[in-house]
Amino acid sequence: MNAPADFTLRHDWTLEEIVAIHDAPLLELIARASALHSRFFDPNDVQKAALLSIKTGGCPENCSYCSQSAHHREVRLDRVELMQVDEVLSAAKRAREAGADRFCMGAAWRQAPKGERFESVLDMVRGVRALGMEACVTLGMLDDGQAERLVEAGLTAYNHNLDTGPEFYGEIVTTRTYEDRLQTLAAVRRAGIEMCCGGIIGMGESVRDRAHMLQVLASFDPHPESVPINALAAIEGTPLEGRPPVDSLELVRMIATTRILMPKSRVRLSAGRSGLSREAQILCLVAGANSIFYGEKLLTAGNPGLDADAALFSALSARGQGGCAAKQ
């Protein structure tokens, strides 16, 4: 089943419409999302993206979920100052050899810095692009001048998540406002950089909060090119360490709803994947996810190992073939 030929992208979804989509009978929801996925993407195209923490810990923000916040002193974390450019490019080469075609670099800053550190990040971006890979960074808040410099260096995408809906946001972060995040995203758009923006479920938010986050994302014109959907990794020492694991079908519902609202976006099955069975991960892909983070660590959280992912993609490939159906 395909989407109608006259299908048009929408930017005016109401909260009530989004909640109704999210809460639809599960098989109906998955079928609708899968049909739209096939309308805009090859369903066998699952992009592998590698993620590296290039500067770890000491962040002045107080995000309740984050192990890198300087506010959460009980978290056991080895702080790492900004890595050397050659170290990062060596990691990118290893990721490419393992099958990744997108390399994402994250730094625990409130605001992208000026001066030598920012110049180093630009060199990292240039080096990743020279390897033939897409380059994505997440550096905190960003101004127009920094966004323009990143464009000149060849940056593919900038990641800056909303985390949750605007009404619940203050329960999770108080050191940075929702408007701060939107201003950074506006700078990214003005510079012509692809937007990578999503959020986290499982932090105690309601379905309406999740819907509100998706409403904000879908209101962007164009939609974000990339939408990561994360399940909370409850890390010991953070304020959310006691949160129960997200039910896998909640994640499936969120991915399917995201696919329906933003059918041309690449939906990324992100943090929390290590807690999913192979079958649950495949159901997320059927529901519209078409990218995973590849490698044993996501910044500071665990992720399935390469052997587990090799088995996953082997199961996705044509029967009798040992090849991988993922995008190489």
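One is the number of the first residue; the rest follow in order along the sequence.
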Quiz item: Would you call D163 and R181 a salt bridge, using N to O less than 4.0 angstrom?
Solution: yes
Quiz item: Got more than 12 heavy atoms from elsewhere within 6.0 Å of CD, E179?
Solution: yes
Quiz item: Does the T184 side chain pair with the main chain of L142, one donor and one acceptor, at a distance under 3.5 Å?
Solution: yes
Exercise. List in chain and number order the residues that pass side chain to side chain contact (heavy atoms under 4.5 Å, CB included) with L89, two or more places apart in sequence or in another chain; answer none if no residue qualifies.
Key: V85, V128
Quiz item: Same cluster for F40 and W13 if Ile/Leu/Val/Met/Phe/Trp/Tyr side chains link at under 4.5 Å?
Solution: yes
Quiz item: Distance from W109 atom CH2 to Q68 atom CD, nearest 0.5 Å?
Solution: 11.5 Å
Quiz item: If you measure from CD on Q47 to CZ on R266, what distance do you get to the nearest 0.5 Å?
Solution: 4.5 Å
Practice problem: Using a strict 4.0 Å threshold on nitrogen-to-oxygen distance, state whether R10 and E17 make a salt bridge. | Solution: yes
Self-check item: E16 and R208 ion-paired at < 4.0 Å
Solution: yes
Quiz item: Is a salt bridge present between R189 and E225, judged by a nitrogen-to-oxygen distance below 4.0 Å?
Solution: yes
Quiz item: Partners of H160 by ring pair (Phe, Tyr, Trp, His ring centres under 6.0 Å), sequence neighbours excluded?
Solution: none
Practice problem: Decide, yes or no, whether a salt bridge links D144 with R190 under the criterion of side-chain N to carboxylate O below 4.0 Å. | Solution: yes
Exercise. Please name the pair of heavy atoms, one in T257 and one in H22, separated by the smallest distance, quoted to 0.1 Å.
Key: OG1-CA, 3.4 Å
Self-check item: Under 3.5 Å: donor-acceptor pair, side chain of N159, backbone of V137
Solution: no
Quiz item: What closest approach, in Å, do V216 and P166 show between heavy atoms, and which atom pair accounts for it?
Solution: CG2-CD, 4.2 Å
Quiz item: Once you round to the nearest 0.5 Å, how far does CD1 of I54 lie from CG of L139?
Solution: 6.0 Å
Practice problem: Decide whether R243 and Y65 meet the rule of one side-chain donor and one side-chain acceptor closer than 3.5 Å. | Solution: no
Practice problem: Any chance you could measure D101, atom CG, to E134, atom CD, to the nearest 0.5 Å? | Solution: 5.5 Å
Quiz prompt | SB check E152 R149 (cutoff 4.0 Å) | solution = yes
Quiz item: Going by distance alone, is a donor N or O of one side chain under 3.5 Å from an acceptor N or O of the other, for T156 and E194?
Solution: no
Quiz item: What pair of heavy atoms forms the shortest contact from A91 to L52, and how long is it?
Solution: CB-CD2, 3.9 Å
Quiz item: Is it true that a side-chain atom of N230 and a backbone atom of G199 form a donor plus acceptor pair closer than 3.5 Å?
Solution: yes
Self-check item: Pair K114 + D143: basic N to acidic O under 4.0 Å
Solution: yes
Quiz item: Do you see a donor-acceptor pair shorter than 3.5 Å between the side chains of R268 and S226?
Solution: yes
Practice problem: Could you verify whether a donor N or O on one side chain and an acceptor N or O on the other, from D209 and T164, lie under 3.5 Å apart? | Solution: no
Quiz prompt | Pair R210 + E250: basic N to acidic O under 4.0 Å | solution = yes
Quiz item: Can you name the closest pair of heavy atoms from C197 and P228 and give their distance?
Solution: C-CD, 3.4 Å
Quiz item: Shortest non-hydrogen contact from R110 to T175?
Solution: NH1-O, 2.7 Å
Quiz item: If you draw a 6.0 Å radius around CD in E87, do more than 12 non-hydrogen atoms from other residues or ligands fall strictly inside?
Solution: yes
Quiz item: Donor-acceptor pair, K55 side chain versus A108 backbone, under 3.5 Å?
Solution: yes
Quiz item: After noting the C-alpha distance and the side-chain angles of I200 and E205, does the key distance pass the side chain to side chain contact (heavy atoms under 4.5 Å, CB included) rule?
Solution: CA-CA 10 Å; I200 308 168; E205 75 287 342; over 6 Å; no
Quiz prompt | For S265 against V227, the heavy-atom pair lying closest together | solution = CB-CG2, 4.0 Å
Quiz item: Rounded to the nearest 0.5 Å, how far apart are CG of L285 and NE2 of H37?
Solution: 8.0 Å
